[in-house]
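Inspection log for the structure reproduced underneath, given as structure tokens.
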2 protein chains.
Amino acid sequence: MTVRQDVHSDDIPVLCQSCEARHRGVCGALDPDQLVALARSSSKHKVEPGAELMGDAEAIHSYSNVLSGVVKLTKTLSDGRQQIVGLQFAPDFLGRPLKAENVISAEAATAVSLCSFPKVTIERMMKESPGFERRLFSQALSELDEARGWMVTLGRKTASEKVATFLLMIARNIDPTRDPAVNFAAFDLPLTRADIADFLGLTIETVSRQLTRLRTDDVIRIENNRHVTVENLSRLERRSGA
Amino acid sequence: MTVRQDVHSDDIPVLCQSCEARHRGVCGALDPDQLVALARSSSKHKVEPGAELMGDAEAIHSYSNVLSGVVKLTKTLSDGRQQIVGLQFAPDFLGRPLKAENVISAEAATAVSLCSFPKVTIERMMKESPGFERRLFSQALSELDEARGWMVTLGRKTASEKVATFLLMIARNIDPTRDPAVNFAAFDLPLTRADIADFLGLTIETVSRQLTRLRTDDVIRIENNRHVTVENLSRLERRSGA
DNA sequence: AGCCAGCCTTGATCTCGGTCAATGCCGTAT
DNA sequence: ATACGGCATTGACCGAGATCAAGGCTGGCT
């Protein structure tokens, strides 16, 4: 019986199966013993769209892997204006290492399943396993690159470029059949129009108008307000403002 | 003779004296032997405002500590629209670990002095000294927090809130006499109006108009286009949109 | 089926910030 | 001292996107 089988046996929680399969998963860097220890302390949850993550005192002391669904990271000004500052897709890691406080709040955008670990366990593994810390470091740097990319979109792109850029990003992250060589994408939007507006620094109405324009220009099709089909990705790219 | 004296003796380059003195410096986490090795491979430069850093093939293979001055990190769209995605103040660390390519370019905003290290040396020390990697990790996370903070400013604040927010950030980073308890600040702007515009997602003219408004409302004084005095910081904070 | 609530779309109008253009200021070189 | 070049300010006007205000789908409920 191998350790991997141990990890996935019934008497201990399953350790985020996606971790070792996909690029940004965070557990692949652990050795078998650590993997078992981490799995023993882990717990899986499902939460509904709209649920506040890391909100209660409990969650503030834990980290999670996103197993499925989309989590939005938001910041809110005192008068209620809101900005989404990041989206976490499976198998991203959720939580802010090396600091207790967090001015960012996390909320489930869709139905989300999570695998949570106690903060102390993760922090011990960071110390014990340099590869694990490296992995977290690497994810933080990717998130930094992404955040800076969105700064350009927020600061310098027009409304229609913003919406096109957003759709391309979603296609890259969600479309299950996504193949970069192929000029086609289809996916369910994980965000409402209000969320998209909060992500792009626009209003609901502007997002809606830009989507209809893309629709009437035959760049995309939308069914049931959620399901988007991009027949011609390169035309969408041309509208995203490079 | 102590190692520290070695490091600062004349026959090898001085190792970023600021590193151990100020909070975000990156060399404080090294042990004495490593400090000497790093210092031996380091080289100091002074560059003029406007100089492209990391532009040439040489610089792409090195990391630097910013010893003085301000470096702007920019991203540019294909049609020339530009966005400043970060500012590095002394003693920040400059360079993108764990990845060869960098889509961000760095430029001296003011006169800048740098202490550069070969990429390979830094990467070896990251492996050898967990505290050093932790320090870089920690800076990356701070930069991520900052970037996300600016996303809110770019996406959700008005022009006048943006300018107020910018001035407060500069005061926090530059004002040599800065004391958080005191309701006053004075500093030289490290950026031109064009740079401020590229940072805030505005035009030169709007930046200028907002600065004159702050001036006529007696929130700030400006001498010689560069030197800013904030007599009443909390009034500026009230205009920054929380 | 029919109703209701929550999103989403569409239209009319307004406004903030962008654009275009002229002028002013300051530091440097002649 | 003057002239020049680069940055900054100011004004007049315009337009992209916000705001305000109706409706329209759609999915869940009785």
Side-chain angles (χ1 to χ4, degrees), chain A residues 48-50 72 77 79-83 109-111 153-167 188-217 220-228 239 241, chain B residues 48-50 72 77 79-83 107-111 153-167 188-217 220-228 239 241:
Chain A
E48 292 303 301
K72 52 184 180 170
L77 297 175
D79 63 0
R81 281 175 290 176
Q82 200 173 54
Q83 175 70 43
T110 64
T153 300
L154 288 169
R156 287 302 183 203
K157 289 191 185 176
T158 64
S160 85
E161 290 170 336
K162 284 179 178 181
V163 171
T165 306
F166 172 77
L167 291 175
D188 282 334
L189 283 176
L191 301 186
T192 65
R193 304 296 187 267
D195 284 338
I196 299 173
D198 281 348
F199 193 72
L200 298 176
L202 299 171
T203 58
I204 295 181
E205 293 93 328
T206 300
V207 170
S208 180
R209 277 187 252 269
Q210 295 303 332
L211 286 173
T212 23
R213 196 150 80 82
L214 287 173
R215 200 150 27 76
T216 57
D217 292 357
I220 62 175
R221 279 189 301 124
I222 304 183
E223 280 132 52
N224 297 333
N225 279 344
R226 282 284 180 149
H227 189 74
V228 174
R239 289 179 183 237
Chain B
E48 293 303 301
K72 51 184 179 169
L77 298 175
D79 63 359
R81 282 175 289 177
Q82 198 172 57
Q83 176 70 43
E107 194 180 320
T110 64
T153 301
L154 288 169
R156 288 300 183 206
K157 289 191 185 174
T158 65
S160 84
E161 290 170 337
K162 285 179 178 182
V163 171
T165 306
F166 172 77
L167 291 175
D188 282 334
L189 282 176
L191 301 186
T192 64
R193 304 295 189 267
D195 284 337
I196 299 172
D198 281 347
F199 193 72
L200 298 175
L202 299 170
T203 58
I204 295 181
E205 294 93 328
T206 301
V207 171
S208 179
R209 278 187 252 269
Q210 295 304 332
L211 286 173
T212 34
R213 198 152 80 82
L214 287 172
R215 200 149 29 76
T216 58
D217 292 356
I220 60 175
R221 279 188 301 124
I222 303 183
E223 281 132 50
N224 297 332
N225 280 345
R226 282 283 179 152
H227 190 75
V228 174
R239 290 179 183 235

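To find a chain, count down the sequence lines: A is the first, B the second, and so on, and within it residues start at 1.
Of the two residues contacting DNA chain D, namely A/G201 and B/S208, the nearest-nucleotide position lying further toward the 5' end is that of B/S208. When the nearest nucleotides of DNA chain D are assigned to A/A159 and A/N224 by heavy-atom distance, the more 5′-ward of the two goes with A/A159. Between B/E205 and A/R209, the residue whose closest nucleotide on DNA chain C is further toward the 5' end is A/R209.
For B/R156 and D/dT19, the CZ to C1' distance is 13 Å, given to the nearest whole Å. Rounded to whole Å, atom P of C/dC7 lies 13 Å from atom CG of A/L191. With rounding to whole Å, B/Q210 atom CD is found 12 Å from D/dT9 atom P. As a whole-Å value, the separation of A/E223 CD from C/dC7 P is 22 Å. A straight line from CG of B/L154 to P of C/dG17 spans 13 Å, rounded to a whole angstrom. C/dC26 atom C1' lies 15 Å from atom CD1 of B/I222, rounded to whole Å. The separation between A/L200 atom CG and D/dG17 atom C1' is 13 Å, rounded to whole Å. If you measure from atom CG of A/N225 to atom P of C/dC7, you get 12 Å, rounded to the nearest angstrom.
With distances taken from any side-chain atom of A/R215 to the nucleotides C/dC8, D/dT10, C/dT10, the minimum falls on C/dT10. Closest to the side chain of B/R193, out of D/dA8, D/dA18, C/dT10, is D/dA8. Out of D/dA8, D/dA18, C/dG17, the shortest distance to the side chain of B/T158 is found at C/dG17.
Salt-bridge formation is detected for the pair A/D198/B/R156: a Lys NZ or Arg NE/NH1/NH2 atom is positioned less than 4.0 Å from an Asp or Glu carboxylate oxygen.
Contact annotation: A/T212 reaches the phosphate of C/dT10 (side-chain N/O to OP1 or OP2, under 4.0 Å). At least one side-chain nitrogen or oxygen of A/T206 sits closer than 4.0 Å to the OP1 or OP2 atom of D/dA18.
No donor-acceptor distance shorter than 3.5 angstrom exists from the side chain of B/K157 to the backbone of B/K162, with no hydrogens or angles considered. No donor-acceptor distance shorter than 3.5 angstrom exists from the side chain of A/S208 to the backbone of A/I204, with no hydrogens or angles considered. The backbone N or O of A/L214 lies less than 3.5 Å from no partner atom in the side chain of A/R239, so there is not a single donor-acceptor pair.
Contacts of B/L211 with the nucleic acid, taken as non-hydrogen atoms under 4.0 Å apart, are absent. Across all strands, A/T203 comes closer than 4.0 Å to base atoms (heavy-atom distances).
Within a 6.0 Å radius of CD in B/E48, no more than 12 heavy atoms belonging to other residues, nucleotides or ligands are found.
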